[in-house]
S.K.: 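Mind having a look at this structure? Questions to follow.
All ligand and atom numbering here is 1-based and tracks the order in the structure. We count residues from 1, following the sequence as given. The model shown is predicted, which means the values in this text are computed figures rather than measured ones.
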Amino acid sequence: MRHARIVVTHYGGPEELRVVEEECPEPKDGEARVRVLAAGVSLPDVMMREGVHPETPPLPFTPGWDLVGVVDRLGGAVSGIEPGQIVAALPIRGAYSEFVCLPQRELVPVPPGLDAAEAVSLVLNYVTAYQMLHRSAHVRPGQRALIHGAAGGVGSALLQLGRLAGLEMYGTCSARGTRAVSDLGGIPIDYQRLDFVKEIRRLASGGVDVVFDSIGGTHIWRSREALRRGGRVVAYGLTGLLRGGRSASGRPDRRQRFRGIAIFGLYIAGGWLLPGRRRVVPYSIQWLKRLRPAFFRQDLIALFDLLQQEKIKPLIAQRFPLAEARHAHELLGEGGVTGKMVLVPRMR
Ligand SMILES: NC(=O)c1ccc[n+]([C@@H]2O[C@H](COP(=O)([O-])OP(=O)(O)OC[C@H]3O[C@@H](n4cnc5c(N)ncnc54)[C@H](OP(=O)(O)O)[C@@H]3O)[C@@H](O)[C@H]2O)c1
């Protein structure tokens with residue numbers, strides 16, 4: 001049987017996403033083959049395509065951090081899972097594909113009846129948001145939070161989960177995102193028109209308890225200025241490395257992948273050494289999953305439960321067939337996208 005997948009053979013723009021047709025992969029011992037129902041499209045995919053994400057693999061590779069699919073065939077020595085079962089996974093790469101083989105330990109069962117695009121939104125964006133709120137920031141009801149990129153994939157998840165946690169929330173976004181941010185319970189701050197530090201000082205005297213910073217670089221230090229004494233910045237992204245969806249340095253290349261990381265170390269140390277007890281803590285879903293895989297599984301299951309109970313409702317920006325992955329990357333790079341972009345391989 002043949003199938004299609006997306007392959008990147010050079011780091012660079014969306015035009016580097018090419019469709020290839022080939023024989024379906026066969027599962028090895030300990031693996032299951034999954035027919036992908038929905039694969040997320042996110043900024044980390046764009047950053048890997050450009051070669052600037054710390055997890056960027058060598059060429060050639062198939063992008064795709066997160067997927068939901070149906071188990072289609074089992075390799076040897078696999079038990080406790082059946083063909084036909086719906087599962088989710090965070091392979092970090094490889095999800096832009098009709099079929100993918102994954103180790104059984106990577107698969108998390110998805111409860112029946114959920115929409116695959118909504119379910120896949122939980123795997124990367126909501127687990128990231130949930131772990132930052134509850135495992136990094138340990139938020140409590142009534143606390144104040146500033147969320148950068150609040151209309152985006154992770155940002156909108158932070159708003160929905162922050163509302164459930166009883167937070168008072170402020171969210172930076174461009175003019176196109178203000179409506180979505182206020183609908184999700186945040187007070188929007190248009191970062192293209194206003195200085196967010198001044199706005200926070202005006203709106204929340206004394207500062208906020210926590211800032212979720214997805215921009216990185218010197219922006220982390222500005223976020224620290226918005227904190228009250230004893231507050232913390234959770235630094236988790238490097239969106240500032242991109243401009244219009246392309247590498248801001250103009251040099252797409254895997255050698256760039258640790259740019260932006262060193263500055264994290266500097267700010268973490270500064271947060272401890274400078275007066276005011278305003279700390280900077282890093283967060284990485286992939287590192288927490290590598291170090292504590294049970295947390296990822298436990299948190300994703302808790303989120304599926306919230307989705308089933310309709311306590312959360314992921315915003316789906318748009319669904320695309322697999323062959324339009326390039327178009328999805330172009331739109332995400334242009335900005336102004338509200339919620340999650342999803343590839344649906346069987347969509348025609
Ligand atoms: N550490 C982790 O484990 C982890 C996990 C997932 C994602 N991430 C990171 O999280 C970030 C967001 O990913 P995503 O998939 O949610 O992206 P996304 O859906 O494209 O959202 C990004 C948002 O940021 C906004 N934005 C851009 N520049 C901004 C600025 N200077 N100030 C405030 N907002 C700004 C964009 O708004 P406009 O387009 O309207 O300007 C957009 O809404 C990325 O850096 C990604 O690598 C990290």
S.K.: Mind running side-chain hydrogen bond (donor to acceptor under 3.5 Å, both in side chains) on Y126 and Q160 for me, showing each step along the way?
M.R.: CA-CA 9 Å; Y126 278 71; Q160 285 193 9; 2.9 Å; yes
S.K.: Step by step, work out the side-chain hydrogen bond (donor to acceptor under 3.5 Å, both in side chains) result for H3 and E21.
M.R.: CA-CA 6 Å; H3 86 135; E21 294 225 353; over 6 Å; no
S.K.: Between H219 and Y191, is the ring centroid distance below 6.0 Å?
M.R.: no
S.K.: Within a reach of under 6.0 Å around CZ of R140, are more than 12 heavy atoms found that belong to other residues, nucleotides or ligands?
M.R.: no
S.K.: side-chain hydrogen bond (donor to acceptor under 3.5 Å, both in side chains), that's the test. Do H329 and D45 meet it? Break it down for me.
M.R.: CA-CA 9 Å; H329 273 226; D45 295 331; 4.9 Å; no
S.K.: Please produce the table of protein N or O atoms sitting under 3.5 Å from N or O atoms belonging to ligand 1, one pair a line, distance to 0.1 Å.
M.R.:
residue: ligand 1; atom: 1 (N); partner: Y236; partner atom: O; Å: 2.8
residue: ligand 1; atom: 1 (N); partner: Y283; partner atom: O; Å: 3.0
residue: ligand 1; atom: 3 (O); partner: I285; partner atom: N; Å: 2.7
residue: ligand 1; atom: 15 (O); partner: L43; partner atom: N; Å: 3.2
residue: ligand 1; atom: 16 (O); partner: G153; partner atom: N; Å: 3.3
residue: ligand 1; atom: 16 (O); partner: V154; partner atom: N; Å: 2.8
residue: ligand 1; atom: 19 (O); partner: G153; partner atom: N; Å: 2.8
residue: ligand 1; atom: 34 (N); partner: G149; partner atom: N; Å: 3.3
residue: ligand 1; atom: 39 (O); partner: G336; partner atom: N; Å: 2.7
residue: ligand 1; atom: 40 (O); partner: S174; partner atom: OG; Å: 2.4
residue: ligand 1; atom: 40 (O); partner: G336; partner atom: N; Å: 3.4
residue: ligand 1; atom: 41 (O); partner: Y191; partner atom: OH; Å: 2.3
residue: ligand 1; atom: 43 (O); partner: G152; partner atom: N; Å: 3.4
residue: ligand 1; atom: 45 (O); partner: S214; partner atom: O; Å: 3.4
residue: ligand 1; atom: 45 (O); partner: L238; partner atom: N; Å: 3.3
residue: ligand 1; atom: 45 (O); partner: T239; partner atom: N; Å: 3.4
residue: ligand 1; atom: 45 (O); partner: T239; partner atom: OG1; Å: 2.8

S.K.: Using the six-membered ring of F295, assess whether NZ or CZ of R135 lies under 6.0 Å from its centre and within 45 degrees of the ring axis.
M.R.: yes
